[in-house]
Every structure is written in structure tokens, then in C-alpha cells.
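Reminder, nothing fancy here: chain letters follow the sequence lines and each chain counts from 1.
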2 protein chains.
Amino acid sequence: MKRRSTPTKEAVIAVLNASTRAMSQEAIEQKIEIEIDRATVYRALNQFCTDGIIHKIVADDGKQYFAVCKKCDVEALPDNHFHFRCTKCHTIECLSSLINFSLPKAYAVEKFNCVLVGTCGNCA
Amino acid sequence: MKRRSTPTKEAVIAVLNASTRAMSQEAIEQKIEIEIDRATVYRALNQFCTDGIIHKIVADDGKQYFAVCKKCDVEALPDNHFHFRCTKCHTIECLSSLINFSLPKAYAVEKFNCVLVGTCGNCA
DNA sequence: TTATTATTGCGATTATGTTGCAATAATACA
DNA sequence: TGTATTATTGCAACATAATCGCAATAATAA
């Protein structure tokens, strides 16, 4: 399916580009000036995920968070880094440290969803 | 609050003890012989979590999974290991490999929620 | 056996995310 | 520029997971 550039999609990606943190749909919607329906935001986010422009993290609070793929090596394994969820300021951050692990034989990893939970530097 | 031993709680913990995998509420309910209300199962599970008997993983499908703490060093950091979610057999497994990470200064980790997603040995 | 109160089942509720559908608007092309 | 095509949107409805209030029940201590 071809992509079209729309005010909605530009607003969503602009907010994510301006953020150093991963954001929930709710947080994104609050940052956007214009009124956009929830479903539309989710559709834009899912499309960006499909296109490899952003990635999705599901945190231990069960919610989806989205962040632009800055350091993600999509060619290799997507999203191969830890995330940090701060329980005080309610943000999720992409950490630079890569994920090292060892797997039993014949196991194959396709993607990662790794979140460390605690308090971040700002809140310490 | 004092704890009471009830058929429900015994059934729930028995199912988890007999399983090598982490299980969702739904899966647990299916394994139990007697009829137990969903809310009751969740209440038992949350109580076990509070008491440090089991731990909870939220997978990238947004669902909660529960497993008995066998190797968990609750004294140190709880749940300090990776989990593996197989997209074919829909199970979640506790891996033995511990989580190594480096954090920016002043960050403090309280708990982990790390899931690797792919296909497990049985399904390869 | 009785009193206390933890636990249960039921229904209702919350929250997050998705989907169907008709209306709208971005793009390509004559 | 005007027109056709179809991606996108908004709205409402839906789906699912998990929680909560409350009255009834049952485990424990005395």
C-alpha cells in the first residue's frame, strides 16, 4: 500500500522526533496541537512500525510506547537494546547498552522487548 | 493481612508448580479442575506476587504471565533473568541467563521485564 | 461452637487498542 | 487544471485484559 503524507502523520512523527523518550499514544496526543482521533494516531504509529521508522515497546504496565529508531540497526536485529521505565516521571527511555544473552540450542530470536524498571537520573 | 489457605489458591499454585513455563490467567484457569472465577484467580496471582512466591512478566502481547520463582534471587534483584516467548507454541519460558546491563549514573533498577521473542527449540 | 475477617463470585467498570464503514483528501495522470 | 483512484480519517462499536465494589461464604483463632 502506498503511503501518503498527511498532517496527522507529520504531527505524530514530529512529536516523536522531538522527544528523547518513548511515548504512549496518550502522551503523543497531548503534545500534538491539532485534534486527532485516537484510532488515527494508532494507525499512524502502527504504520511507522511496519515501515521500520519507529519501534514499539510494551512496558510492564501493559502499555505500548513508541520511539524513533535512532540507533536501531534494523538490518541486523531490530530494537536490540534495553529500555528504562522510570516509575517516578513515567517515561521510557532507550538505553544505549545492547542486549547480550545466551540461548538454548535451536532457539531463534526475532525481536526484543526488554525493559528495566526503576528511577532515572533526573528523579534520583 | 493474614493469609488463608483455600482450594483456589492451592489449585493455582499447584498448576504453576507443575509447569515449566510462565502461564497466563487464561491458561491457568484451563488447567484447573474446579471452576474458579477470573477475578479470584487474578487476586490469588497478585497475592502470590506480593508475597514473592511467583513473579509476573508482561509480554509484548500486552498480557500478564506468571511463573514460580525457582531460581529467582529475591534477596538480590527479583526476576533478574530473560524470558523467551515463542510465537509458535505461545508459551513463555524463564531462561537461565542473567541480565547484564550498564546504566547511566544515578539510575537505579528495581525490577526487570525482559522478553526475547522468537521460536523455541521445540518449534524450530 | 462462635466471632472475626480473609476470600469468593458476580456484575459492573476501566483501560488500552483495534476494526468497519462512510466521508474526506492526497496523489497521479489525462 | 480537472478528474479518477484510493489512502486516510473520524466516529462508533467492538474486543480483550484486568480490576473493583459488594454481599455472601468459609477459613482460622478463641
I need the [atom1]-[atom2] distance between [X] and [N], as an integer number of Å.
X: A:Ile36; N: C:dG17; atom1: CD1; atom2: C1'; value: 17 Å
X: A:Lys63; N: D:dT16; atom1: NZ; atom2: C1'; value: 17 Å
X: B:Glu10; N: C:dT8; atom1: CD; atom2: C1'; value: 15 Å
X: B:Glu29; N: C:dT8; atom1: CD; atom2: P; value: 13 Å
X: A:Met1; N: D:dT5; atom1: CE; atom2: C1'; value: 13 Å
X: B:Asp51; N: C:dA6; atom1: CG; atom2: P; value: 14 Å
X: A:Tyr65; N: C:dT16; atom1: OH; atom2: C1'; value: 11 Å
X: A:Asp61; N: C:dT16; atom1: CG; atom2: P; value: 9 Å

Enumerate donor-acceptor pairs with a distance under 3.5 Å from any side-chain N or O in residues 9-20 of chain B to protein atoms, sequence neighbours excluded.
from: B:Lys9; atom 1: NZ; to: B:Arg4; atom 2: O; distance (Å): 2.9
from: B:Lys9; atom 1: NZ; to: B:Gln47; atom 2: OE1; distance (Å): 2.6
from: B:Glu10; atom 1: OE2; to: B:Ser5; atom 2: OG; distance (Å): 2.6
from: B:Asn17; atom 1: ND2; to: B:Ile13; atom 2: O; distance (Å): 3.2
from: B:Ser19; atom 1: OG; to: B:Arg21; atom 2: N; distance (Å): 2.9
from: B:Ser19; atom 1: OG; to: B:Arg21; atom 2: O; distance (Å): 2.8

Residue pair [X] / [Y], side-chain heavy-atom distance below 4.5 Å:
X: B:Val117; Y: A:Val109; result: no
X: A:Asp51; Y: A:Arg3; result: yes
X: B:Arg85; Y: B:Lys63; result: no
X: B:Thr91; Y: B:Asn122; result: no
X: A:Phe101; Y: A:Phe112; result: yes

**Prompt:** Does B:Cys123 have any side chain to side chain contact (heavy atoms under 4.5 Å, CB included) partners at least two apart in sequence or in another chain, and if so, which?
**Reply:**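 B:Cys86, B:Lys88, B:Cys89, B:Cys120.
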
**Message:** Angle between the two end axes of the helix from C:dT1-D:dA30 to C:dA30-D:dT1, five base pairs per end, rounded to 10 degrees?
**Reply:**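 Answer rounded to 10°: the end axes differ by 30°.
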
**Message:** Categorize A:Ser24 for me: base, sugar-phosphate, or nothing, with a 4.0 angstrom heavy-atom threshold over every strand shown.
**Reply:**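 Counting heavy atoms under 4.0 Å across all strands, no contact is made by A:Ser24.
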
What are the atom names and distances for every N/O pair under 3.5 Å that joins the protein to nucleotides 2-4 of chain D?
none

Could you list the donor-acceptor pairs under 3.5 angstrom formed between side-chain atoms of residues 27-44 of chain A and any protein atom two or more places apart in sequence or on another chain?
from: A:Glu29; atom 1: OE1; to: A:Gln25; atom 2: NE2; distance (Å): 2.2
from: A:Asp37; atom 1: OD2; to: A:Ala39; atom 2: N; distance (Å): 3.0

**Request:** For C:dT7, take OP1 and OP2 only and decide whether either is under 4.0 Å from a side-chain N or O of B:Lys9.
**Result:**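 For B:Lys9, the contact criterion (side-chain N or O under 4.0 Å from OP1 or OP2 of C:dT7) is met.
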
**Request:** Respond yes when some side-chain nitrogen or oxygen of A:Gln47 is under 4.0 Å from OP1 or OP2 of D:dT8, and no when none is.
**Result:**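 Checking D:dT8 against A:Gln47, a side-chain N or O does come within under 4.0 Å of OP1 or OP2.
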
**Request:** For A:Tyr65 and A:Ser24, work out which heavy atoms get closest and say how close.
**Result:**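 Distance-wise, the nearest heavy atoms are CD2-N, 3.7 Å.
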
**Complete:** With B for base contact, S for sugar-phosphate-only contact and - for none (protein heavy atoms under 4.0 Å), nucleotides 19-30 of chain D reads BBB----BBS--

**Prompt:** Quick check: does any side chain N or O of B:His83 sit under 3.5 Å from a backbone N or O of B:Glu93, one acting as donor and the other as acceptor?
**Reply:**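 Such a contact is absent between B:His83 side chain and B:Glu93 backbone.
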
**Prompt:** Honestly curious: do B:Tyr107 and B:Ile99 fall in one hydrophobic cluster under the side-chain, below-4.5 Å linking rule?
**Reply:**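 Both belong to a single hydrophobic cluster.
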
**Asked** Hey, any chance A:Val115 and B:Ile92 share a hydrophobic cluster, counting ILVMFWY side chains that come within less than 4.5 Å of each other, even indirectly?
**Response**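 No, no single cluster joins them.
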
**Message:** Let me spell it out: for each of A:Ala44 and B:Gln25, pick the nucleotide of DNA chain D with the closest heavy atom. Which residue's pick is nearer the 5' end?
**Reply:**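 The answer here is A:Ala44.
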
